[in-house]
Number of protein chains: 2
Amino acid sequence: MKKKLSIVDIANSLNISKTTVSFILNGRAREKRISEELVERVLKYVKEVGYKPNSLAKSLRTGKSNTIGLLVQDISNNFYATIARQIEDLAYKNGYKIIYSSTENDTQKTQELIAMFRDRHVDGYIIVPPEGIEEDIRSLIKDGLPVVMFDGYIPKVKTDYVVVDNLFSTYNATRYLVDKGHKHIAFITFKSGQTQMIERLDGYKQAMKESKNPTLIKEIDFLQEDKPMIDPVRDFLNEHKEIDAILFGNNRLSIFGLKVLRDLNKRVPEDVALISFDDYEFFELYNPSVTAIAQPIGDIADNVINILLRRLNTSNDNDSKEHITLHTTLKIRKSTE
Amino acid sequence: MKKKLSIVDIANSLNISKTTVSFILNGRAREKRISEELVERVLKYVKEVGYKPNSLAKSLRTGKSNTIGLLVQDISNNFYATIARQIEDLAYKNGYKIIYSSTENDTQKTQELIAMFRDRHVDGYIIVPPEGIEEDIRSLIKDGLPVVMFDGYIPKVKTDYVVVDNLFSTYNATRYLVDKGHKHIAFITFKSGQTQMIERLDGYKQAMKESKNPTLIKEIDFLQEDKPMIDPVRDFLNEHKEIDAILFGNNRLSIFGLKVLRDLNKRVPEDVALISFDDYEFFELYNPSVTAIAQPIGDIADNVINILLRRLNTSNDNDSKEHITLHTTLKIRKSTE
DNA sequence: CTGAAAGCGCTAACAT
DNA sequence: ATGTTAGCGCTTTCAG
């Protein structure tokens with residue numbers, strides 16, 4: 001059980017001051033005009049004994065932790081998991097660690113997580129905002145902590161964000177269904193005040209208005225358990241036998257929909273056509289394969305982390321925020337053929 | 001931009017010493033015989049101004065971080081994601097935070113992650129061990145840090161662990177296929193020296209030996225990209241047209257298998273029956289639904305976190321480790337009917 | 001019952 | 001070019 005070495009141990013062993021060691025370790029040797037020879041010797045010794053600076057002490061002293069906090073709705077959802085992994089990769093390459101957690105769209109849990117992140121002196125935040133955390137975000141900003149949002153954003157708070165053109169995406173998908181001759185097109189979504197969900201709903205409404213067909217909207221409460229979310233879907237479809245096409249607000253709902261349609265012995269696409277917002281590995285494999293609105297996952301992750309890294313490097317409190325809107329792709333598969 | 005309050009600020013505002021505040025905040029008021037009245041007053045004030053102790057400073061001082069490090073192969077895999085979430089829940093209720101990451105079965109990445117966790121003074125470790133980290137684990141143990149493994153374990157290192165009876169599970173599943181009249185049963189798995197994979201392979205071999213049929217084994221290299229793992233599966237099935245049943249070593253492989261079988265126009269179960277190790281939401285929905293060996297996810301998570309919490313609370317260096325083996329369930333569905 | 005003071009490991013003014 | 005030293009915010013021994 002070897003004692004952990006400290007910078008003082010290193011300094012003593014080498015008969016120099018810990019300041020010198022600190023400067024060398026932080027790459028400020030040149031600046032401080034420390035001899036090449038000494039630098040060499042210190043670095044060699046440090047490597048030899050495997051000394052690692054205590055990051056806790058470092059953070060306490062500097063106020064920086066080289067950590068980025070990432071909050072998404074559900075890290076086990078493929079969409080977020082993929083983005084998280086890519087963000088993590090890029091962050092690592094730039095010397096940042098990622099610490100992430102799922103908000104489960106729960107305002108209170110999110111508040112606690114933000115508090116915990118603050119507590120750990122996280123340097124920057126990447127957040128998919130649930131409703132009602134406006135104040136918490138505002139407080140982060142006020143304290144000069146960079147915040148980048150994605151997926152959705154909070155209209156009343158000025159932050160950088162990266163989103164997709166949700167409205168056009170569902171508008172376009174709905175139009176596609178209309179053009180295929182469907183009359184009774186339903187939109188099943190989560191009840192949510194989040195911008196992304198509102199926009200998706202609006203896109204659908206707009207297309208339906210143009211098609212002169214009535215809207216058929218079902219908003220499901222977002223819950224932890226599957227069953228109480230699946231049942232309303234089933235009830236809704238039972239109440240509206242006329243439905244001949246469904247657009248789902250995200251991939252979780254699409255899975256629910258597939259289950260219900262199977263249980264109801266509805267044929268896809270003969271009885272009901274369907275489109276999922278968010279693609280999923282499994283949609284391509286399913287029989288019939290499922291038409292989906294695919295988000296540019298790689299681009300989203302790239303943009304998010306790049307913006308944040310830029311903010312982290314330039315601490316000027318620039319008031320102009322970046323708002324990036326990316327485009328989705330409608331992947332047409334068998335469920336709408 | 002309000003200045004963060006420190007314990008000194010609290011003490012000054014109340015005209016008492018920071019020691020007293022510290023004692024009260026750490027519930028040692030009784031022990032130190034501090035007046036009820038003062039305790040009340042301090043707590044009230046603390047809540048009022050929203051003071052939160054700086055956990056960095058606390059950790060630096062105490063050496064404890066109240067954090068548990070969780071390392072699994074792939075946090076976006078449903079199996080691990082579900083376990084992680086449940087572990088997180090229970091940990092929170094006991095005052096611990098979880099910080100997790102994916103090893104991707106990469107030894108070096110795992111070593112770096114362990115180093116990072118150590119650096120952050122993580123109090124305890126939950127690890128699904130990749131190959132070759134024996135020494136790193138040993139070093140953790142030597143330094144008195146509790147380590148609980150699950151899914152697999154490292155035979156040469158004494159730690160607590162929670163696993164399932166892998167050998168019996170595949171033995172049983174293979175027997176089931178044999179009893180159904182299948183003769184050419186293949187086992188497709190990841191090439192791995194991990195105990196769980198070895199045991200699964202052994203279970204299959206044992207059942208095949210009893211059935212007097214030849215074994216048909218394909219070991220795939222674990223990679224980041226899907227395609228180079230899918231291709232070998234396809235090649236293998238093309239080379240062995242006689243195969244009439246397949247047992248997959250885990251759910252990721254099963255997904256690959258389903259894709260290949262679809263591309264090859266093989267009917268399931270008429271041409272080929274199949275069983276997946278690890279269940280998946282999607283297997284029940286797929287047509288035909290997929291027979292799977294389901295692990296008791298909830299039980300695994302419960303056991304893991306409970307053992308770790310116990311170790312964390314009783315710091316006696318008890319040498320006797322807990323080895324828990326849980327049972328799986330063969331969920332028979334249409335893919336083997 | 002309460003306070004003074006040391007110290008966890010590190011950084012960075014300020015000296016020299 | 002290198003050393004001295006004062007904290008970052010907290011816990012905890014030791015003295016009252």
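What you see is a predicted model; the values in this text were computed from it and never measured. Throughout, a chain's letter reflects where its sequence line sits, starting with A, and its residues are numbered from 1.
Between the CZ atom of A:R30 and the C1' atom of D:dT2 there is a distance of 17 Å, rounded to whole Å. Rounded to an integer number of Å, the gap from B:N12 CG to D:dC10 P is 12 Å. What separates CD1 of A:I7 from P of C:dC8 is a distance of 14 Å, to the nearest Å. Rounded to a whole Å, the CG atom of B:D9 is 8 Å from the P atom of D:dG9. Nucleotide C:dG9 holds its C1' atom 9 Å from the CG atom of A:L56, rounded to whole Å. A straight line from NE2 of B:H121 to C1' of C:dC10 spans 12 Å, rounded to a whole angstrom. The NZ atom of B:K52 sits 16 Å away from the C1' atom of D:dC10 (whole-angstrom rounding). Distance NZ (B:K58) to C1' (D:dC8): 17 Å, rounded to an integer number of Å.
Panel note: side chain B:T103, backbone B:L71; no donor-acceptor pair is recorded below 3.5 Å. A donor-acceptor pair is defined here as one N or O able to donate and one able to accept, closer than 3.5 Å; such a pair exists between the side chain of A:T314 and the backbone of A:R310. Remark: side-chain polar atoms of A:S65 are not paired, donor with acceptor, to backbone N or O of A:S59 under 3.5 angstrom.
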Close N or O pairs between protein and nucleotides 13-16 of chain D (under 3.5 Å):
none

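At the heavy-atom level, B:S22 lies under 4.0 Å from base atoms of the strands shown. When heavy atoms are screened at a 4.0 angstrom cut-off, B:S35 is found touching the sugar-phosphate backbone but no base atom. Backbone-only contact: B:I16 has heavy atoms under 4.0 Å from sugar-phosphate atoms and none from a base. Among the atoms of the strands shown, only primed sugar atoms or phosphate atoms (P, OP1, OP2) are found under 4.0 Å from some heavy atom of B:L38.
When the side-chain nitrogen and oxygen atoms of A:T20 are compared with OP1 and OP2 of D:dG3, one or more of them lie within a distance under 4.0 Å. Residue B:N54 has no polar side-chain atom (N or O) positioned under 4.0 Å from OP1 or OP2 of D:dC8. The phosphate of D:dC10 has OP1 or OP2 within less than 4.0 Å of a side-chain N or O from B:Y51.
Listed here is the closest heavy atom pair of B:D151 and B:V163: O-CG1, 3.7 Å.
A salt bridge is defined here as a Lys NZ or Arg NE, NH1 or NH2 lying under 4.0 Å from an Asp or Glu carboxylate O, and A:R138 with A:E135 meets this definition. Salt bridge A:E40/A:K44: absent, no basic N to carboxylate O contact under 4.0 Å. Between B:K58 and A:D119 there is no salt bridge, since no side-chain nitrogen of the basic residue lies less than 4.0 Å from a carboxylate oxygen of the acidic one. Taking a cutoff of 4.0 Å between a charged side-chain nitrogen and a carboxylate oxygen, B:R311 and B:D160 qualify as a salt bridge.
Each of B:R33 and B:L60 has a nearest nucleotide on DNA chain C; the 5'-most of these lies closest to B:R33.
Side-chain contact between A:I114 and A:I127: present, with at least one pair of heavy atoms (C-beta onward) separated by less than 4.5 Å.
Residues in residues 91-102 of chain A take part in these side-chain hydrogen bond (donor to acceptor under 3.5 Å, both in side chains) pairs, two or more places apart or across chains: A:S101-B:E88.
For D:dG7, its base sits under 3.5 Å from the side chain of A:R61 at one donor and acceptor pair at least. The base of C:dT11 sits within donor-acceptor range of the side chain of A:K18, with an N or O pair under 3.5 Å.
Fit an axis to the five pairs at each end of the helix from C:dC1-D:dG16 to C:dT16-D:dA1 and the two axes sit 50° apart, to the nearest 10 degrees.
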